[in-house]
A.B. asks: 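Could you have a look at this structure, given as structure tokens, before my questions?
Per chain, numbering begins at 1; letters A, B, ... match sequence-line order.
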2 protein chains.
Amino acid sequence: MAESTRERILDAALRAYGTDGFAATSLDALAADLGIRKQTILYYFPSKHAVFEAVVDRAASDLVKVFEEEAARGIDGLDQVEAIVKRVFRLAVRRPQLLGLIREVTRPGSLSIDRLSAHTAPIFDRARDFLQREMDAGRMRPSDPEMLLLSLYSTVVGVATELEVQRAMGISDSLRGAVARRQELIRFLRAALEPV
Amino acid sequence: MAESTRERILDAALRAYGTDGFAATSLDALAADLGIRKQTILYYFPSKHAVFEAVVDRAASDLVKVFEEEAARGIDGLDQVEAIVKRVFRLAVRRPQLLGLIREVTRPGSLSIDRLSAHTAPIFDRARDFLQREMDAGRMRPSDPEMLLLSLYSTVVGVATELEVQRAMGISDSLRGAVARRQELIRFLRAALEPV
DNA sequence: ACTTCTCTCTACCAATTGGTAGAGGACCGT
DNA sequence: ACGGTCCTCTACCAATTGGTAGAGAGAAGT
């Protein structure tokens, strides 16, 4: 069976919101992209903002699922970090708008930030505990795990999503470029995290 | 003398565009914030987008000036990196919307990215050369300077601007929090960059 | 007194915005 | 054949959007 209308709307909305942003994407534009009328969108969702929230919910579960799967494998130390970074990167290459949406939600003026946090809080907690454990075990350079987590988050999301900055720096944005970026990022993170 | 109307418009526009974004800020809202009519704004700037470009230009020069000043002092190695990070952080604390605007311009769907690059390209080049020089001199872990620059950029801008993510992680966003964040960031970067 | 220039305003506009009301078709079980 | 539910549509709306035209106030120069 073909994809349901509701799913198609969410797909198109993720693309649009993750690229141009929420405010810059009208319901009419979204509908035109799908070849339907905006009233059809408003049949499935009570308002424009409700579409956004549904997109955020779905994107958040997708991300959380990736983390859960990777954490379930129970790898140790920097290999665990590397495995997660690789998966986030794969996600970012396949669906760049997904992390773009996260950036949209986490902007200062945004609503729905609480909606996202509700999903991600558990994995943040788990990540913090993981870092603390690894430090205690001497497999990672000791530091404040919360701050370290923030640095890791910023670095990974930035390198994965800042395509325009890369263009401005003259870095290739081909698939091969993405692999090179990932490799360099992992080396960077390993150097930052390795115990002395 | 009081600040000119034109400057006041640019100030308010930076605040609004850097927080809520370009699309989400109407000329009417901007004018209301200033206690004037939007036609006054359109007297100084031919269009809404022209306001944005002027804001980008000013923000870019401010940023470039910071780098020029810091680079002119000719410090070596990681101390130079630390000095620049500190200054960027000071800027981010005093005028958070400035880096917020950069994030807005560098989003995938954005126009005006070329306008920003035109300003920043020289300092990117200089930064790349600096990293290369330091690596050659053995004062920095060798790696691809372009990729390293991207990692550095992502980490610094992320840690400085992702206030909502920090809130979601439960990190304090007080001034003291900013200092702690900066310290941890610098330790993180030093660890990542130090030669083996 | 005169014009000229600078600035901010009122008045207005066509287009687009998110959203409502409700018609009508397709498919369902009865 | 019939009522009901699901879905997509046309028609419409008030509010807001970016932008135009031009009036009028004030200061400055002549």
A.B. asks: Could you go through residues 49-56 of chain A and list every donor-acceptor pair under 3.5 Å that involves a side-chain atom there, pairing it with any protein atom two or more places apart or in another chain?
C.D. replies:
from, atom 1, to, atom 2, distance (Å)
A:H49, NE2, A:S112, OG, 3.3

A.B. asks: Answer yes when B:E184 and B:R187 have at least one side-chain N-carboxylate O distance shorter than 4.0 Å, and no when they do not.
C.D. replies: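 Salt bridge present between B:E184 and B:R187.
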A.B. asks: Ring pair (Phe, Tyr, Trp, His ring centres under 6.0 Å): which pairs involve residues 164-196 of chain A, sequence neighbours left out?
C.D. replies: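 Checked against ring pair (Phe, Tyr, Trp, His ring centres under 6.0 Å) - neighbours excluded - no pair reaches residues 164-196 of chain A.
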A.B. asks: Given axes from five pairs at either end, by how many degrees does the helix from C:dA1-D:dT30 to C:dC27-D:dG4 bend, rounded to 10°?
C.D. replies: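 Taking five pairs per end, the axes differ by 10°.
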A.B. asks: With sequence neighbours left out, write down each residue that passes side-chain contact (heavy atoms from CB on, under 4.5 Å) with A:V157, or none if nothing qualifies.
C.D. replies: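 side-chain contact (heavy atoms from CB on, under 4.5 Å) list for A:V157, sorted by chain: A:R103, A:Y153, A:T161.
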A.B. asks: Report the C-alpha separation of B:R6 and B:D11 in whole Å, then their side-chain angles, then the decisive distance to 0.1 Å, and conclude whether the salt bridge (charged side-chain N to carboxylate O under 4.0 Å, His left out) test is met.
C.D. replies: CA-CA 9 Å; B:R6 199 190 137 91; B:D11 287 346; over 6 Å; no
A.B. asks: In residues 41-51 of chain A, which ones come under 4.0 Å of DNA chain C, going by heavy atoms?
C.D. replies: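 Result for residues 41-51 of chain A: A:L42, A:S47, A:K48, sorted by number.
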A.B. asks: Going by the rule side-chain contact (heavy atoms from CB on, under 4.5 Å), which residues pair with A:E164 if we only count those two or more places apart in sequence or in a different chain?
C.D. replies: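 Scan of A:E164 (side-chain contact (heavy atoms from CB on, under 4.5 Å), adjacent residues dropped) gives A:R167, B:I113.
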A.B. asks: Given C:dT8, is OP1 or OP2 found less than 4.0 Å from the side-chain N or O atoms of B:T5?
C.D. replies: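 Yes, B:T5 has a side-chain N/O under 4.0 Å of OP1/OP2 on C:dT8.
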A.B. asks: Using the test side-chain contact (heavy atoms from CB on, under 4.5 Å), find all partners of A:R182 that sit at least two apart in sequence or belong to another chain.
C.D. replies: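 Checked A:R182 against side-chain contact (heavy atoms from CB on, under 4.5 Å); matches are A:K86, A:F89, A:I186.
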A.B. asks: Give every donor-acceptor pair under 3.5 Å between a side-chain atom in residues 141-149 of chain A and any protein atom, sequence neighbours left out.
C.D. replies:
from, atom 1, to, atom 2, distance (Å)
A:R141, NE, A:A192, O, 2.8
A:R141, NH2, A:A192, O, 3.2
A:D144, OD1, A:E146, N, 3.0
A:E146, OE2, A:R128, NE, 3.3

A.B. asks: Does the pair B:E7/B:R58 count as a salt bridge with the N-to-O cut at 4.0 Å?
C.D. replies: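 Yes, B:E7 and B:R58 are salt-bridged.
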A.B. asks: Please list, in 5' to 3' order, the outermost nucleotides of DNA chain D lying under 4.0 Å from any heavy atom of chain A.
C.D. replies: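 First-to-last contact on DNA chain D, by the 4.0 Å heavy-atom rule, is D:dC6 to D:dA11.
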A.B. asks: Could you tell me whether A:R133 and A:D76 make a salt bridge, using a distance below 4.0 angstrom between a side-chain N and a carboxylate O?
C.D. replies: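 Looking at A:R133 and A:D76, the cut-off is not met.
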A.B. asks: Within this structure, what is the NZ-to-C1' distance between B:K38 and C:dC7, rounded to whole angstrom?
C.D. replies: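 Going from B:K38 (NZ) to C:dC7 (C1'), I get 19 Å.
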A.B. asks: Could you go through the side chain to side chain contact (heavy atoms under 4.5 Å, CB included) check for A:D62 and A:V66 one step at a time?
C.D. replies: CA-CA 6 Å; A:D62 287 359; A:V66 164; over 6 Å; no
A.B. asks: Scan the side chains in residues 33-43 of chain A for donor-acceptor partners under 3.5 Å anywhere in the protein, sequence neighbours excluded, and list what turns up.
C.D. replies:
from, atom 1, to, atom 2, distance (Å)
A:D33, OD2, A:R15, NH1, 3.3
A:K38, NZ, A:D28, OD2, 3.2

A.B. asks: Residues from residues 14-33 of chain B sitting under 4.0 Å of DNA chain C, heavy atoms only?
C.D. replies: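 Nothing qualifies; none.
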A.B. asks: Which residue pairs pass the salt bridge (charged side-chain N to carboxylate O under 4.0 Å, His left out) test when at least one of the two sits in residues 40-50 of chain B, sequence neighbours left out?
C.D. replies: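 Every candidate salt bridge (charged side-chain N to carboxylate O under 4.0 Å, His left out) pair involving residues 40-50 of chain B fails, so no pair, neighbours aside, qualifies.
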